[in-house]
Protein chains: 2
Amino acid sequence: MDSHLLRTFVAVVRAGSFSAAARELGYTQAAVSQQIASLESDLKVTLLHRRPVRPTEAGARLLDHAEPILLRLRAARSEIDRLGGAPRLRLRVGAAPLAAAHAAGALAAARRAHPRLDAAVRVLPRAGIGAAVATGGLDIGLVDGIAAPTDPLRPDADAPVTAAAVAERPLAVALPAAHPLASRPGLDLRDLVDALWLDAPDVAAPLPDLRRAAGVRDGFRPSLACAGGDLALVAALVAAGHGLAVLPAGAAGHPGLAEVPVRAPRVVHRTELLCPRSPGPAGTAFSAALTADAI
Amino acid sequence: MDSHLLRTFVAVVRAGSFSAAARELGYTQAAVSQQIASLESDLKVTLLHRRPVRPTEAGARLLDHAEPILLRLRAARSEIDRLGGAPRLRLRVGAAPLAAAHAAGALAAARRAHPRLDAAVRVLPRAGIGAAVATGGLDIGLVDGIAAPTDPLRPDADAPVTAAAVAERPLAVALPAAHPLASRPGLDLRDLVDALWLDAPDVAAPLPDLRRAAGVRDGFRPSLACAGGDLALVAALVAAGHGLAVLPAGAAGHPGLAEVPVRAPRVVHRTELLCPRSPGPAGTAFSAALTADAI
DNA sequence: ACTGTTTACGGAGACCGTAAGTATC
DNA sequence: GATACTTACGGTCTCCGTAAACAGT
């Protein structure tokens with residue numbers, strides 16, 4: 001089970017085709033076919049259905065392992081590379097939309113500590129941030145999510161990064177000001193299982209997280225998907241009645257929008273800092289500034 | 001950075017010698033030397049000091065990644081293998097000494113669900129249990145440790161297993177009945193930083209865990225190391241005045257031994273169940289019995 | 001001098017590309 | 001019949017073993 005076989009296996013699954021994966025990897029189709037055949041004969045299972053190309057049960061399981069393994073291999077190389085080169089004064093911060101606000105103060109502290117710092121901030125979807133920090137694409141990550149108080153987020157459990165709590169804030173349900181529940185002093189998420197929700201996983205709390213928090217398998221039906229986007233768009237969509245959203249209290253200001261604190265279950269909006277195993281001097285200064293006054 | 005190169009790298013570091021690693025892996029020394037040279041030229045760093053053989057800084061970092069990667073590769077193969085074969089009615093339970101008590105009831109439930117079950121329990125040191133569950137050496141693991149209430153243990157963070165809480169119990173300091181603190185109603189661990197402690201990490205709370213809980217870097221000096229062993233031995237050693245130990249309240253009964261509850265910091269003795277990604281029918285029954293009445 | 005690592009060299013095998021074969025849409 | 005995967009075959013390159021050189025202890 002060689003790592004480069006796993007690499008092409010993952011590429012084939014992602015591309016949905018042997019030939020497309022071959023183009024992507026710079027091989028011929030035949031080579032890819034042989035590599036998959038070799039993996040399958042090694043493991044004595046068929047990993048892929050052909051026509052259309054789609055992982056079998058065993059293939060899906062292998063994929064669950066292959067992606068973290070490849071991520072970790074990239075992370076290892078990246079860490080060794082960083083160790084060799086001189087410590088550059090560079091700080092690429094990647095932050096999820098609702099976590100980005102925390103970057104400002106810490107970035108200022110890092111620039112104070114290193115005046116010639118070459119710094120940059122990018123707002124990104126939560127999903128890839130852990131992996132990017134692990135593989136050196138980012139020097140620092142800021143992610144957010146909902147969790148029970150003091151519980152860790154574990155956004156990318158397989159990425160070899162250190163996570164530290166930055167802040168925890170109460171949550172609120174955003175709803176149109178005219179909504180019958182808008183005047184309530186507080187809400188229980190479990191009473192909103194049957195409402196219609198905005199599906200904006202990059203900005204608001206993702207619906208699966210709400211289901212988990214409420215302890216239900218179904219419910220929190222999406223009314224409108226909103227990929228990417230920013231807080232203002234989500235606020236406008238909620239105000240326009242497209243669906244509800246769970247946001248940190250005080251995050252969304254918009255005419256026609258009301259906010260009701262979440263009373264139960266006991267969950268909070270949590271922000272975490274993701275650091276590589278060997279953060280450079282600037283990363284250390286950044287993270288020290290953020291975790292000094294944490295929670 | 002091929003996985004089999006990582007394999008020999010890890011073997012060389014562990015063996016402390018190229019030739020010993022070669023014997024272990026069934027290669028010649030020359031082959032091992034070439035493999036290490038190939039790794040080093042690939043990463044453009046020297047990974048090992050020679051004579052004596054010892055990892056460099058970069059080698060140590062690589063090792064941090066290599067071991068989880070190899071573990072995960074073994075876990076992947078094991079999971080695929082298990083998927084192919086018919087689901088055997090076999091249940092190998094591995095449990096840390098203070099977690100083993102929980103096995104009895106759940107094992108009974110599993111046997112009730114599967115009368116022809118081939119079951120076995122082994123008491124093991126905490127350390128390898130997660131890896132053994134991931135790689136199929138065990139079907140179920142039971143580990144224990146100290147943590148803040150409701151906080152997860154994460155004993156083998158890199159092993160791809162699912163962890164579930166089984167129980168949380170208050171902690172107590174075990175000390176000789178004649179000890180001046182034995183009559184106290186409760187103790188703060190931070191007041192015992194300068195005491196002498198029994199270093200019995202397989203049974204009692206490991207001293208590094210106590211340091212972490214108390215928030216100190218030093219202290220909790222070991223008086224006597226006690227590898228392996230069982231609860232009775234630890235109790236006898238404590239009663240004989242060799243040092244203190246932190247145990248779950250009520251665990252140690254021994255003449256001449258006193259137990260004082262830990263009042264602060266707020267930590268508990270927590271037991272967790274470790275399951276592979278695809279537990280067999282018996283493992284499912286076992287884990288259902290244990291997590292049904294959890295906490 | 002001895003133990004242990006590196007380098008040199010040769011053969012077996014792995015791996016990929018070309019090209020022909022085969023199955024599915 | 002066209003598209004896409006598989007199989008066959010040959011060349012190249014990798015990788016390991018043998019053997020000799022080399023370096024610490």
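Just so it is clear, the model here is predicted, and its values are computed rather than measured. Reminder, nothing fancy here: chain letters follow the sequence lines and each chain counts from 1.
Residues from residues 9-20 of chain A placing a heavy atom under 4.0 Å of any atom in DNA chain C do not occur. The stretch residues 23-31 of chain B touches DNA chain C through Gln29(B), Ala30(B), each having a heavy atom under 4.0 angstrom from the strand. For DNA chain D, the residues of residues 32-44 of chain A within the heavy-atom distance limit of 4.0 Å (strictly under) are Ser33(A), Gln34(A), sorted by number.
Separating the CG atom of Leu5(B) from the C1' atom of dT14(D) is a distance of 11 Å, rounded to the nearest angstrom. One can place CG of Leu48(B) at 10 Å from P of dT5(C), the figure rounded to the nearest angstrom.
For His4(B), a side-chain nitrogen or oxygen approaches OP1 or OP2 of dC16(D) to under 4.0 Å.
Ion pairing of Arg61(B) with Glu79(A) is present here, as a side-chain N (NZ or NE/NH1/NH2) and a carboxylate O approach within less than 4.0 Å. Salt bridge annotation for Asp2(B)-Arg7(B): absent, with no cationic side-chain nitrogen under 4.0 angstrom from a carboxylate oxygen.
Judged as a salt bridge (charged side-chain N to carboxylate O under 4.0 Å, His left out), and not counting sequence neighbours, the contacts of Asp209(A) are Arg212(A). For Asp64(B), the salt bridge (charged side-chain N to carboxylate O under 4.0 Å, His left out) criterion is met by no residue, not counting sequence neighbours.
No engagement by His49(A) is indicated, since no non-hydrogen atom pair under 4.0 Å with the nucleic acid exists.
Checked by atom type and distance alone, the side chain of Glu272(A) never pairs as donor or acceptor with a backbone atom of Val143(A) at under 3.5 Å.
Other residues, nucleotides and ligands contribute more than 12 heavy atoms inside 6.0 Å of the CZ atom of Arg90(B).
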Report all interatomic pairs (protein N or O, nucleotide N or O of nucleotides 22-24 of chain D) with separations under 3.5 Å.
unit_1: dA23(D); atom_1: N3; unit_2: Arg51(B); atom_2: NH2; d: 3.4

